[in-house]
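See structure below.
Just so we're on the same page: letters track the sequence lines, and every chain starts at 1. The basis for the numbers below is simple: all heavy atoms, side chains too, and nothing from hydrogens, waters or symmetry mates.
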There are 2 protein chains.
Amino acid sequence: MAKPTTREKLLSAGLETLHKRGFNATGVQDITDAAKVPKGSFYNHFESKDALGVEVVARYAAMGAVRRQPLVDGGGPPLVRLRAHFRNLNQLGPAAGFRRGCLLGNFRTDLSTHSPAIRAAVEAAFDDWTRVIAQVIAEAQEAGDMSRDLPADTLAGFLLNAWEGAVMRSRVEKSQAALDAFLAVTFNKILT
Amino acid sequence: MAKPTTREKLLSAGLETLHKRGFNATGVQDITDAAKVPKGSFYNHFESKDALGVEVVARYAAMGAVRRQPLVDGGGPPLVRLRAHFRNLNQLGPAAGFRRGCLLGNFRTDLSTHSPAIRAAVEAAFDDWTRVIAQVIAEAQEAGDMSRDLPADTLAGFLLNAWEGAVMRSRVEKSQAALDAFLAVTFNKILT
DNA sequence: AAATCCAAGACGACCAGTCATATTGACGCT
DNA sequence: AGCGTCAATATGACTGGTCGTCTTGGATTT
């Protein structure tokens, strides 16, 4: 079976290449080269570069959802789960040599004027992520593990935005410092 | 004198256009059109698009330094000055219809693989900004206005990263919500 | 007249997407 | 089983358009 394999190769290479080099800076040929697939084959499997982008975002979001699984149904107190979640995320940066950052955040600025379909997929992924974190925070507030003076969804949105900012900084600096500072500040000052 | 005027028109139009549409998404022709200057004239005044980018960043950073002035030598308690600073910044978003975001943050992702000269200028501007904020926070800590359990420069870096993340979100959503949440969370939970 | 400055279009590189042709493989029929 | 059919896929040269940059002839100044 050639079809699923070729398509899968394109999707996988597309995810990696677009993540590392950004959407606009990556050509279709870059992707087909990375997938070791002739360029002409690309359009047998994807209607356009944008269409691949939408699927790449979907796959990235699905991977994120898997990573959020223990956040929802894992054991232990909610704040411990939340801390573990962000600590896991923070380990992805150094593992990739700080070359990638968060694909969702990267696409957000890369596509600010183009590709409404991809933008919508990105924002849907963010909304989903925010919802899960808000739920865990609400759980912690109800359990009396942290203060309730700010609404859970406000805190969740703030956390995600702050984390995205930290990831971008750490990507540029190629250093974990901003990620560590994020953990230190949020869990000492906010999530208590 | 035609030369300084043309150059100035290009710089000013370049700042606005690059800010709104991003570096890669903006062509030299877009800039010369916005400046109402013939395209051929561009290279009489700037060596390259990158060179204009460096000067645009420098001008943006200089505008930022002016805005930071009251932060350093203004009256009142440090935390009040800091809050006023961010509140002022947050008013720039809606004033521009949330179309721009922060030029430094936008360039950071836009140029992650290109233009080391511009990247260096961007990071220098960030470092400068961080330094000023860290100084104000240290002042507040020494005055006993806030806790000292985290170092001032860690907090300053966190604040900037978090603000950049909030600005990007607010730009996409075309809403002030993320900016308001930033103010609410940071000044209720961190800067106390 | 000499020197300097400016602008209009040309140039080459690049890129998303297309096309014509070649190849494959699943499937119905005998 | 053997064979013909046909739709899906493979392939890389090609197209149309855009972009950054440069060249060149003309305008302006001294």
Transitive ILVMFWY cluster of B/Met168 at side-chain heavy atoms under 4.5 Å: who else is in it?
A/Met168
Which other residues end up in the same hydrophobic cluster as A/Val66, if Ile, Leu, Val, Met, Phe, Trp and Tyr are linked when side-chain heavy atoms come under 4.5 Å apart?
none
Find the distance [X]:[atom1] to [N]:[atom2] and express it as a whole number of Å.
X: B/Gln29; N: C/dA10; atom1: CD; atom2: P; value: 13 Å
X: B/Ile118; N: D/dG20; atom1: CD1; atom2: C1'; value: 13 Å
X: A/Leu52; N: C/dA16; atom1: CG; atom2: P; value: 11 Å
X: B/Lys36; N: C/dA7; atom1: NZ; atom2: C1'; value: 18 Å
X: A/Lys9; N: D/dT11; atom1: NZ; atom2: C1'; value: 14 Å
X: A/Phe46; N: C/dT18; atom1: CZ; atom2: P; value: 16 Å
X: B/Asp33; N: C/dA8; atom1: CG; atom2: C1'; value: 14 Å
X: B/Asn24; N: C/dC15; atom1: CG; atom2: P; value: 12 Å

Shortest non-hydrogen contact from A/Tyr60 toward A/Leu103
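Distance-wise, the nearest heavy atoms are OH-N, 3.4 Å.
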Closest non-hydrogen contact found for B/Ala156 with B/Ile137 is N-CD1, 3.9 Å
For B/Thr32, which contact category applies under a 4.0 Å heavy-atom criterion: base, sugar-phosphate, or nothing?
nothing
Pairs meeting criterion salt bridge (charged side-chain N to carboxylate O under 4.0 Å, His left out) with involvement of [range], two or more places apart:
range: residues 155-175 of chain A; result: A/Arg169-A/Glu173, A/Arg169-B/Asp127
range: residues 97-116 of chain B; result: B/Arg108-B/Glu123
range: residues 10-21 of chain B; result: B/Glu16-B/Lys20, B/Arg21-B/Asp30

Keeping to residues at least two apart or across chains, list the ring pair (Phe, Tyr, Trp, His ring centres under 6.0 Å) pairs with something in residues 90-128 of chain A.
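Non-adjacent pairs meeting ring pair (Phe, Tyr, Trp, His ring centres under 6.0 Å): A/Phe23-A/Phe107.
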Counting only heavy atoms and a strict 4.0 angstrom limit, can you tell me which residues of residues 14-22 of chain B come near DNA chain D?
none
Between protein and nucleic acid, restricted to nucleotides 21-25 of chain D and to nitrogen or oxygen atoms under 3.5 Å apart, what atom pairs and distances do you find?
residue	atom	partner	partner atom	Å
D/dT21	OP2	B/Tyr43	OH	2.5
D/dT21	OP2	B/Lys49	N	2.9
D/dT21	O5'	B/Tyr43	OH	3.3
D/dT21	O4	B/Lys39	NZ	3.0

Using rotation axes that map the C1' atoms of four end pairs onto the next four (five pairs an end), what angle separates the end axes of the helix from C/dA1-D/dT30 to C/dT30-D/dA1, to 10°?
10°
If the condition is side chain to side chain donor-acceptor pair (under 3.5 Å), which residues does B/Thr109 pass it with, not counting sequence neighbours?
A/Thr109
Restricting to salt bridge (Lys or Arg N to Asp or Glu O under 4.0 Å), what partner residues turn up for B/Arg131, sequence neighbours left out?
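Only B/Asp128 meet the salt bridge (Lys or Arg N to Asp or Glu O under 4.0 Å) criterion with B/Arg131.
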Taking only residues two or more places apart in sequence, or in another chain, which ones meet A/Arg148 in a salt bridge (Lys or Arg N to Asp or Glu O under 4.0 Å)?
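Once residues adjacent in sequence are excluded, A/Arg148 has no partner under the salt bridge (Lys or Arg N to Asp or Glu O under 4.0 Å) criterion.
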Kindly point out which of D/dT11, C/dA8, C/dC6 is positioned nearest to the side chain of B/His45?
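It is C/dC6.
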